[in-house]
Amino acid sequence: MRLGILDCDHIDDRESNYGDYYSERFIKCLKPRLAGWTYSSYRAIDGELPSSLSECDAWLLTGSRYDAYGDIPWISALSRFVEEAINAGHKMVGVCFGHQLLAQALGGRVAPSECGWQLGVQHYQLLASRPWMSGDVETLTLPVAHQDQVQKLPQEASLLAQGECCPHFIYEYRNQILGIQGHPEFDPAYLEILLDKLSDKLTPEQRERGLASLANPRLDCERVLDWIANFLR
């Protein structure tokens, strides 16, 4: 099986130890979980998209600093590709920006959160379970870094998890699409870099609250990465 990862952002020089693109992090996280799979990365943010849907069997869309509803050529081209992949029945996973773009392609609505920036480590309530969800848990603790979010789910989408300020944190669509607003590929050290980089857009209280949340000793990143792998199989 072949997984195509659509990179929706660059990683700034200061974070070079994390790689140049988010696909590098996802490949590192998923390789141990998807034995025998091969991986292809496409720099969607640079205008690079697959020439054919047949190049991969499933697709993953990364996060981005951009708005999923932005009128930018590479986002418009990526949206068209996503619609073609959905119509062709390909399995797709979206994380953060990718989660929002997939929801939008399916007829949902994306807009800024009334709560403003959601940054750091936060807690979410699981509302439903699926066979690909390993473990019996009621809550999730995950890294997040977003201002926009899915405000209206697509028709036929099932809501799987929500938070106080994020009503549609995880959703599934017809066992074909999985959207996750959080970042299971992030770690606290990387979140601290993001908080520093965004400091000019945050109030001192927002930044301190985000930094304080990083002390949380328990994260469910490994669990959710398992879920992504199980869903794609």
Side-chain angles (χ1 to χ4, degrees), residues 1-16 18-31 34 37-112 143-150 154 170-171 173 176-186 190 194 197-198 224-225 228-229 231-232:
M1 295 290 285
R2 299 161 297 176
L3 178 64
I5 302 180
L6 300 159
D7 273 304
C8 303
D9 210 345
H10 306 104
I11 296 181
D12 294 338
D13 290 342
R14 184 174 173 189
E15 298 122 51
S16 58
Y18 222 68
D20 295 323
Y21 292 88
Y22 289 112
S23 57
E24 297 174 45
R25 181 69 176 177
F26 276 108
I27 291 170
K28 181 179 180 180
C29 291
L30 293 175
K31 261 190 172 181
L34 293 172
W37 282 53
T38 59
Y39 301 85
S40 298
S41 300
Y42 302 87
R43 315 310 190 198
I45 189 173
D46 298 327
E48 179 191 10
L49 291 172
S51 58
S52 169
L53 286 172
S54 64
E55 290 184 20
C56 294
D57 301 294
W59 305 93
L60 186 148
L61 285 76
T62 75
S64 177
R65 74 195 76 187
Y66 293 89
D67 301 324
Y69 46 80
D71 185 16
I72 302 174
W74 74 266
I75 295 178
S76 299
L78 177 59
S79 297
R80 290 191 293 271
F81 176 83
V82 163
E83 290 173 4
E84 291 173 7
I86 292 171
N87 291 335
H90 285 242
K91 278 207 168 184
M92 306 188 80
V93 173
V95 171
C96 198
F97 170 91
H99 151 99
Q100 298 165 16
L101 195 77
L102 286 170
Q104 192 170 261
L106 292 165
R109 183 171 63 86
V110 177
V144 293
H146 66 98
Q147 183 173 223
D148 292 337
Q149 60 189 24
V150 176
I170 301 179
Y171 67 85
Y173 177 82
Q176 180 192 355
I177 308 294
L178 174 63
I180 301 169
Q181 180 62 69
H183 285 278
E185 80 282 15
F186 281 7
Y190 186 76
L194 286 182
K197 190 171 71 173
L198 290 167
V224 174
L225 288 166
I228 291 173
F231 180 81
L232 289 170

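All of these numbers come straight from a predicted model, not from anything done at the bench.
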- Note on the structure: For Ala68 and Leu101 the tightest heavy-atom approach is O-CD1, 3.7 Å
- Item | Heavy-atom check, side chain of Gln100 versus side chain of Asp67, under 4.5 Å | no
- Item | His90 and Trp59 aromatic ring geometry - parallel, tilted or perpendicular at 30°/60° bounds | tilted
- Query: Between Tyr22 and Gly63, what is the shortest heavy-atom contact and its length?
  - Reply: CD1-O, 4.1 Å
- Decide yes or no for Pro50 and Leu6: does some side-chain heavy atom of the first lie under 4.5 Å from some side-chain heavy atom of the second? yes
- Contact summary for Gly182 and Val95, nearest pair of heavy atoms: O-CG1, 3.2 Å
- Task: Begin with the C-alpha distance, continue with both residues' side-chain angles, and end with the deciding distance and a verdict on side-chain contact (heavy atoms from CB on, under 4.5 Å) for Leu53 and Phe81.
- Result: CA-CA 9 Å; Leu53 286 172; Phe81 176 83; 3.5 Å; yes
- Item | Atom pair OG/CH2 of Ser64 and Trp74 - distance to nearest 0.5 Å | 4.0 Å
- Item | Euclidean distance, His183 NE2 relative to Leu194 CG, rounded to 0.5 Å | 7.5 Å
- Query: Any side-chain heavy-atom pair from Asp46 and Tyr21 closer than 4.5 angstrom?
  - Reply: yes
- Roughly how far, to the nearest 0.5 Å, is OG of Ser23 from NZ of Lys28? 13.5 Å
- Query: Are any non-hydrogen side-chain atoms of Glu55 and Tyr42 less than 4.5 angstrom apart?
  - Reply: yes
- Query: Between the side chain of Arg2 and the main-chain N/O of Ser54, is any donor-acceptor distance below 3.5 Å?
  - Reply: yes
- Message: To the closest 0.5 Å, what do you measure between CD (Glu185) and CD1 (Ile228)?
- Response: 7.5 Å
- Message: Distance check, rounded to the nearest 0.5 Å: His99 atom NE2 versus Leu178 atom CG?
- Response: 9.5 Å
- Query: Checking Thr62 side chain against Cys8 main chain: does a donor-acceptor pair fall under 3.5 Å?
  - Reply: yes
- Message: Can a donor-acceptor pair be found, under 3.5 Å and without considering hydrogens, that links the side chain of Asp57 to the backbone of Met1?
- Response: no
- Message: Contact between Tyr66 and Ile45 at the side-chain level, heavy atoms closer than 4.5 Å - yes or no?
- Response: yes
- Just wondering, do Leu30 and Tyr39 contact through their side chains at under 4.5 Å, heavy atoms? yes
- Item | Taking every non-hydrogen atom, the tightest pair across Leu102 and Gly94 | CD1-N, 3.4 Å
- Task: Kindly give the heavy-atom pair with the smallest separation between Ser76 and Asp71, and that separation in Å.
- Result: OG-OD1, 4.3 Å
- side chain to side chain contact (heavy atoms under 4.5 Å, CB included) with Ile27: of Leu3, Ile5, Leu60, only one passes, and it is Ile5
- Beyond-backbone contact of Tyr171 with Ile177, side-chain heavy atoms, under 4.5 angstrom: yes
- Item | Heavy-atom pair with the smallest gap, counting every atom of Gln181 and Asp148 | OE1-O, 3.9 Å
- Quick one: pull up CZ in Phe97 and CG in Leu78 and give me the separation to the nearest 0.5 Å. 6.0 Å
- Query: Within a strict 4.5 Å, meaning less than it, do heavy atoms of the Ser41 and Glu48 side chains meet?
  - Reply: no
